[in-house]
Amino acid sequence: MLAILVPFLILMLASIIFVVTTTRGILQHTVENDIRLYIQQVNDNFTKQLNTLYNLNMLLVSDEDFVGRLSRELPPEGTYEAAVQRIELEEKLENSSIVTTYSLSNVDNGSLLERIYLFRDTDTYFKAIFRNRGAFERDFDVLFASIYESRRTPARTENIGIRDGVLWYAFDFSDPDTGEILGTLLYQMNIGALTTIPDSILDYENALWQIGLEDGSVLLSSGGPQVDFPGMSSQDMRSQQVGGAAYLANHYYIPQFGLTLSLLVPQSQMQQTVTRSILTYLAILVLIAILVLILCLVMIARIMYPLRDLRQGIRQLEQGNLQAKLPSYRDAEFQELSNVFNAMTNQISHLVNDIYQKQLLVTQAELRALQSQMNPHFIFNVLNTISIQAQMNGDEKVSQMVYSLSQLMQDSIIKRGEEKVTLAQELEYARFYVSLQNDRFDGKIHYQVNCADPSLLQCYIPKLTLQPLIENAVVHGLEPKYGDGHLAVNIYRTGTSLFVDVIDDGVGFTPGPENLNASEIELSAASGHRQIGLANSNRILRHFYGIGYGLSIVSAPGCGCRVTLHIPVDTDGQGGTHNV
């Protein structure tokens, strides 16, 4: 393949070099002249817009009637004469022929002139509005009054700027005969109309423009890196480096406003025309190269595609697809490779499935052992309670206790086929248990269940995981306590998690380090009777739902105890079963 392609590529490269070197000079000179002409047109349009505004200044200064009205003493504010004077001066601004002509020009992009303010002093001003008249007119009055005040400061002599997103230009209005300053003209210019003109150079990719002031600061720009401009510059085209790239730059100074318009087009644009000129030649060469490559690929396809199949099969194995197989091949060597690969995947699949099934059986057996351990433990406590009560008195209370016991045995022992029950059923088991214990302690236990969302009572929970928590609170928390005790079960939901708090105000205890983290809790029977139920409940929850779920304990001597059961919300009795 290399023997065929290398000579061909050398010939194609030599042809490209010849075409580029013979046409580059002519085309580059032509493109450079085109860009110069384009930039000059942008300069002319930009200057024409601003000169129209400058001509407006000259027209107003030369209007003898307008100057005469401003030269005279203005009537006191609030008088009829002052109102008439204001109307006449503002009509002069609005009805001036140059203002009317200018406000209607360039309608596609909007008028450059939006407002004219003529300030005699901070409190006396006249205005004409050409665009965007609206409810926020008072805000513009305040803004331009602040601009006028700032220009009266000796240190502030700028005549153009941007404040609060408004582009303004100032012109001190003087009496042409005496030179006395009669007021200040403040113009609001439409930024969009002004920037549309230099924006046209952005048709060139990565082109830049800036409008800068004489102090070197940037008034407006197209964004990107800042361009250093020489201030009062000639209109000569020059090469300039900006951000590490070479540009063809033009800096056009407008003395009437003290602005410099900088236009920069990447010199790489000159190469585009050259590139277009050789596209046809390159297309022919590429077509020939494609035909050669097709011939080469046909020659090597019969050798390469078995290796491609092998690579895809290995990737499928990495992604867990143990059924990945290679097809049959006519070549004996590749067929042998296919047979070995297929036998390997069959063996891996068999081993994985065998280990998984064994682990699942072990987990199910352990779960049944845990639940069967809890039932005798619970029945022992209940029978012990009935025995003590029967010895103390022989009234109807014993009959009621035996009834409660029978209900408990029916639900917890006879219904062995169920691994999960609803939370409502589990609370019913707990109610029977608390009822038996209350008969024993003459009603000293005050029991309540709090559930703001009744629908949570229909969620499923592993059978006999809540009752050991109730038993632990009664036997080890409330029974040793002097006087009445309170036991509460709070049920709530957070996101996809269901929480059940079992809270008592009993004697409490000091949890060991193994009690503090529900994801690490592993209690043992050797640590005492009081923890058998908690340990079994936690291990059952771990088997059903995996790490991250289970029990957490908060307690202290004399401060009661809170055991929180945390499981995912399970509304169909299937979620999370046998997760290890």
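- Panel note: side chain Arg120, backbone Thr184; no donor-acceptor pair is recorded below 3.5 Å.
- Side-chain atoms of Leu220 and Ile162, non-hydrogen and from C-beta on, do get closer than 4.5 Å to each other.
- A side-chain donor-acceptor contact under 3.5 Å links Gln267 and Ser239.
- Residues Pro198 and Val42 share a closest heavy-atom pair of CA-CG1, 3.9 Å.
- Here the CD1-CG distance, from Ile201 to Leu261, works out to 8.0 Å after rounding to the nearest 0.5 Å.
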Before you tell me yes or no, could you show the steps for Leu498 and Ile491 under side-chain contact (heavy atoms from CB on, under 4.5 Å), namely the whole-Å CA-CA distance, both residues' side-chain angles and the distance that decides it to 0.1 Å? CA-CA 8 Å; Leu498 175 67; Ile491 304 167; 4.1 Å; yes
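- With Thr260 contributing its side chain and His251 its backbone, the two residues share no donor-acceptor pair below 3.5 Å.
- Between the side chains of Asn206 and Tyr247, no donor N or O sits under 3.5 Å from an acceptor N or O.
- Panel note: side chain Thr47, backbone Asn43; a donor-acceptor pair is recorded below 3.5 Å.
- Taking a 6.0 Å sphere around CD of Gln312, one finds it holds more than 12 heavy atoms contributed by other residues, nucleotides or ligands.
- Between the CG atom in Asp121 and the OH atom in Tyr148 there is a gap of 6.0 Å [rounded to 0.5 Å].
- Using a 4.5 Å heavy-atom threshold, the side chains of Tyr252 and Leu263 count as separate.
- Contact check for Ile254 versus Phe46: side-chain heavy atoms found under the 4.5 Å cut-off.
- Checked by atom type and distance alone, the side chain of Arg86 never pairs as donor or acceptor with a backbone atom of Glu88 at under 3.5 Å.
- Cation-pi check for Arg115 over Phe144 is not met; the charged atom does not lie both under 6.0 angstrom from the ring centroid and within 45 degrees of its normal.
- Of the possible donor and acceptor atoms, one in the side chain of Ser222 sits under 3.5 Å from a partner among the backbone N and O of Trp209.
- Contact annotation: the side chain of Leu50 never approaches that of Tyr169 to less than 4.5 Å [non-hydrogen atoms, C-beta and beyond].
- Here Asp139 contributes atom CG and Asp164 contributes atom CG; the two are 9.5 Å apart, rounded to the nearest 0.5 Å.
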Start with the C-alpha distance between Asp44 and Gln40, add both sets of side-chain angles, then the distance that settles side-chain hydrogen bond (donor to acceptor under 3.5 Å, both in side chains), and finish with yes or no. CA-CA 6 Å; Asp44 292 343; Gln40 187 59 48; 3.0 Å; yes
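- In this structure, the separation between CD1 on Ile567 and OH on Tyr545 is 4.0 Å, given to the nearest 0.5 Å.
- Shortest non-hydrogen contact noted between Ser338 and Pro327 is OG-O, 2.9 Å.
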What do the steps show when you test Asp453 against Arg493 for side-chain contact (heavy atoms from CB on, under 4.5 Å), and what is the final call? CA-CA 9 Å; Asp453 185 359; Arg493 174 178 181 170; 5.6 Å; no
Does the pair Val569 and Thr571 meet the rule for a side-chain contact (heavy atoms from CB on, under 4.5 Å), with working shown? CA-CA 6 Å; Val569 174; Thr571 58; 4.0 Å; yes
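- At a cut-off of 3.5 Å, with distance as the only test, a side-chain donor of Ser497 or His566 sits close to an acceptor on the other residue.
- Residues Tyr253 and Glu214 have side chains in contact (heavy-atom distance under 4.5 Å, counting atoms from C-beta outward).
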In sequence, state the C-alpha distance, the side-chain angles, and the governing distance for Asp309 and Tyr329, and then conclude on side-chain contact (heavy atoms from CB on, under 4.5 Å). CA-CA 11 Å; Asp309 292 342; Tyr329 303 104; 2.9 Å; yes
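- Gln210 contributes no side-chain N or O that, together with a main-chain N or O of Ser221, makes up a donor-acceptor pair within less than 3.5 Å.
- At least one side-chain heavy atom of Arg163 sits less than 4.5 Å from a side-chain heavy atom of Ser146.
- The side-chain heavy atoms of Leu208 and Pro225, taken from C-beta on, include a pair separated by under 4.5 Å.
- More than 12 heavy-atom neighbours from other residues, nucleotides or ligands sit within 6.0 angstrom of CD on Gln241.
- Between the side chain of Gln240 and the backbone N or O of Asp228, at least one donor-acceptor pair lies under 3.5 Å.
- Between Gln256 and Asn57 the shortest side-chain heavy-atom distance does not fall below 4.5 Å.
- In this structure, Ile147 CD1 and Phe119 CZ are separated by 8.5 Å, a value rounded to the nearest 0.5 Å.
- Looking at residues two or more places apart in sequence or on another chain, you find a side chain to side chain donor-acceptor pair (under 3.5 Å) between Asp501 and Tyr492, Thr564.
- Side chains of Arg151 and Asn159: a donor on one and an acceptor on the other come within 3.5 Å.
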